[in-house]
2 protein chains.
Amino acid sequence: MQLITIQPEALFQSLADETRLRIIRLLATAGEEACLCELVDSLREPAYKLSRHLKILRQAGLLSSQKEGRWVYHRLVSNLPHLEALHATIHALPDPDHAYQADLARFKERMCLREGGRCRVGILSDDLKMEAK
Amino acid sequence: MQLITIQPEALFQSLADETRLRIIRLLATAGEEACLCELVDSLREPAYKLSRHLKILRQAGLLSSQKEGRWVYHRLVSNLPHLEALHATIHALPDPDHAYQADLARFKERMCLREGGRCRVGILSDDLKMEAK
DNA sequence: TGCATAATTGCACTATAATGCAATTATATG
DNA sequence: CATATAATTGCATTATAGTGCAATTATGCA
């Protein structure tokens, strides 16, 4: 499921985007897996955008994704020495404008809606639902 | 000399390029500072190219550069927790096609030409000199 | 002061990557 | 089987970033 030879620069490439770094920092600090709709509500970014960035992170070997019914849960991969080291780096990153802190706060609140540890609701933020026909 | 607020994604952005990552890995593994011509001979890339990438790394807060006569020495910055962690990550990176190992071997050889710990010769690789008038 | 050289930079060009919209796929449920 | 919805993707557009050449700057030295 993961590439045998990951080019190191592709690893950093995948973190060189604000949205992707927000995703990774959130999952790293929360120590949790999350589905797309939970990320949408936490980061307040449209689903199509996050979905694409999640794919990039998966291809870079940073995330693994697992489908459960209609939901897809994304979690950090950390079975390699350089990935462990990378997570330590991410934990040590500064948060100058408290953007990550805000993401994490929304995420924690969102996690309260889980039932039996699983997501049972869709996107809650009205302005990010696609149903705006 | 260095920015007060470095955006974390700019840090990864600066490592998301093969040439820049080669520079950083070389300086990190060698534990040495190096001038441009030494890097040109070690990485076998044209001076104008490396010079530009060095500038980007400097602006990202990863390198500091110091002029000594005609030579400019570049060294890693590591006075911050997340930079220390980043160096650990870089040390843990795989080297699938042994490119970094080759860079380091050329660098060590090149360092033998120093006198009193300072570079005294220019670019040695004939095909990378600009004098090809 | 003139020349050689270490290093940098302006400019044009090309390649790559992010974005938004709309459509589509896949799954659960009445 | 029809509908709702979680998630993904095709496409056109825009923005960003790397490259090579040639010119320029800055320094040491004869």
Side-chain angles (χ1 to χ4, degrees), chain A residues 7 9-10 12-23 34-41 43 45-60 63 65-74 110 113-114 118-133, chain B residues 7 9-10 12-23 34-41 43 45-60 63 65-74 110 113-114 118-133:
Chain A
Q7 294 303 321
E9 65 266 18
F12 292 114
Q13 177 97 288
S14 72
L15 295 168
D17 175 273
E18 184 186 355
T19 306
R20 290 197 292 268
L21 191 52
R22 287 173 71 197
I23 293 172
C35 64
L36 181 64
C37 55
E38 290 170 332
L39 292 173
V40 167
D41 283 331
L43 305 186
E45 296 284 348
Y48 67 82
K49 187 178 175 181
L50 294 185
S51 179
R52 254 193 271 259
H53 285 304
L54 287 166
K55 184 179 184 178
I56 293 172
L57 290 168
R58 209 179 312 129
Q59 290 171 338
L63 284 185
S65 304
Q66 188 180 346
K67 191 162 192 173
E68 277 187 38
R70 274 180 295 188
W71 285 268
V72 178
Y73 289 89
H74 308 272
R110 183 60 164 75
L113 301 181
R114 283 200 183 181
R118 300 284 91 180
C119 179
R120 290 287 168 253
V121 300
I123 296 170
L124 294 180
S125 317
D126 287 340
D127 53 334
L128 291 170
K129 286 182 185 170
M130 337 187 51
E131 309 157 11
K133 295 163 189 168
Chain B
Q7 294 302 321
E9 63 267 19
F12 292 114
Q13 178 98 287
S14 72
L15 294 168
D17 174 272
E18 184 186 355
T19 306
R20 291 197 292 269
L21 191 53
R22 287 172 72 197
I23 293 171
C35 63
L36 181 63
C37 56
E38 289 171 333
L39 292 172
V40 168
D41 283 332
L43 305 185
E45 295 284 348
Y48 67 81
K49 187 177 175 182
L50 294 184
S51 180
R52 254 193 270 260
H53 285 305
L54 286 166
K55 184 180 185 179
I56 292 172
L57 290 168
R58 209 181 311 129
Q59 290 172 338
L63 284 186
S65 304
Q66 189 180 347
K67 190 163 191 173
E68 276 187 38
R70 273 180 295 187
W71 285 269
V72 177
Y73 289 89
H74 308 272
R110 183 61 165 72
L113 302 180
R114 283 202 181 179
R118 299 285 92 179
C119 180
R120 290 286 168 255
V121 299
I123 296 169
L124 295 181
S125 317
D126 288 340
D127 53 334
L128 291 170
K129 287 182 185 170
M130 335 186 52
E131 310 156 12
K133 295 164 188 168

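Letters A, B, ... mirror the listed sequences (proteins, then strands); counts begin at 1.
Rounded to whole angstrom, the span from the CD1 atom of Ile123(A) across to the P atom of dA4(D) amounts to 17 Å. Summarising the geometry, the separation between CG on Leu54(A) and P on dA7(D) is reported as 10 Å, rounded to the nearest angstrom. If you measure from atom CD of Glu9(B) to atom C1' of dT16(D), you get 14 Å, rounded to the nearest angstrom. Distance, Leu15(B) CG to dA17(D) C1': 15 Å, rounded to whole Å. With rounding to whole Å, Arg120(A) atom CZ is found 14 Å from dT5(D) atom C1'. The interatomic distance linking Leu50(A) (CG) with dA6(D) (P) rounds to 15 Å, in whole Å. In this structure, the CZ atom of Arg118(B) is 14 Å from the P atom of dG28(D), given to the nearest Å. Across the protein-nucleic acid pair, Gln59(B) atom CD and dT9(C) atom P stand 9 Å apart, rounded to whole Å.
Residues that satisfy the side chain to side chain donor-acceptor pair (under 3.5 Å) test with Ser65(A), not counting sequence neighbours, are Arg58(A), His74(A). In this view, Gln66(A) and Arg75(A) satisfy the side-chain contact (heavy atoms from CB on, under 4.5 Å) rule, not counting sequence neighbours. Residues passing the side-chain contact (heavy atoms from CB on, under 4.5 Å) test with Arg70(A), sequence neighbours excluded: none. For the salt bridge (charged side-chain N to carboxylate O under 4.0 Å, His left out) test, residues two or more places apart in sequence or in another chain that qualify with Arg110(B) are Asp41(B). Every residue meeting the side-chain contact (heavy atoms from CB on, under 4.5 Å) condition with Glu9(B), not counting sequence neighbours, appears here in chain and number order: Glu18(A), Leu21(A), Tyr100(A), Gln7(B). With sequence neighbours left out, the salt bridge (charged side-chain N to carboxylate O under 4.0 Å, His left out) criterion links Arg22(B) to Glu45(B), Asp103(B).
The two residues Ser14(A) and Leu57(A) come nearest to each other via the heavy atoms O-CD2, 3.6 Å. The nearest pair of heavy atoms linking Val121(A) to Trp71(A) is O-NE1, 3.6 Å.
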I'd like to know whether Leu50(B) forms a side chain to side chain contact (heavy atoms under 4.5 Å, CB included) with Thr19(B), so could you lay out the CA-CA distance, the side-chain angles of the two residues, the decisive distance to 0.1 Å, and finally the verdict. CA-CA 8 Å; Leu50(B) 294 184; Thr19(B) 306; 3.5 Å; yes
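Nucleic acid contact class of Cys35(B) (heavy atoms, under 4.0 Å, all strands): sugar-phosphate only.
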Can you check each nucleotide of nucleotides 15-20 of chain C against protein heavy atoms at under 4.0 Å and return B for base, S for sugar-phosphate only, - for none, in 5' to 3' order? --SSBB
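Considering only side-chain atoms of His74(A), the nucleotide from dT8(D), dT9(D), dA7(C) that sits closest is dT8(D).
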Measure all distances between protein nitrogen or oxygen atoms and nitrogen or oxygen atoms of nucleotides 26-29 of chain C, and list the pairs falling under 3.5 Å.
residue: dA26(C); atom: O3'; partner: Lys67(A); partner atom: NZ; Å: 3.2

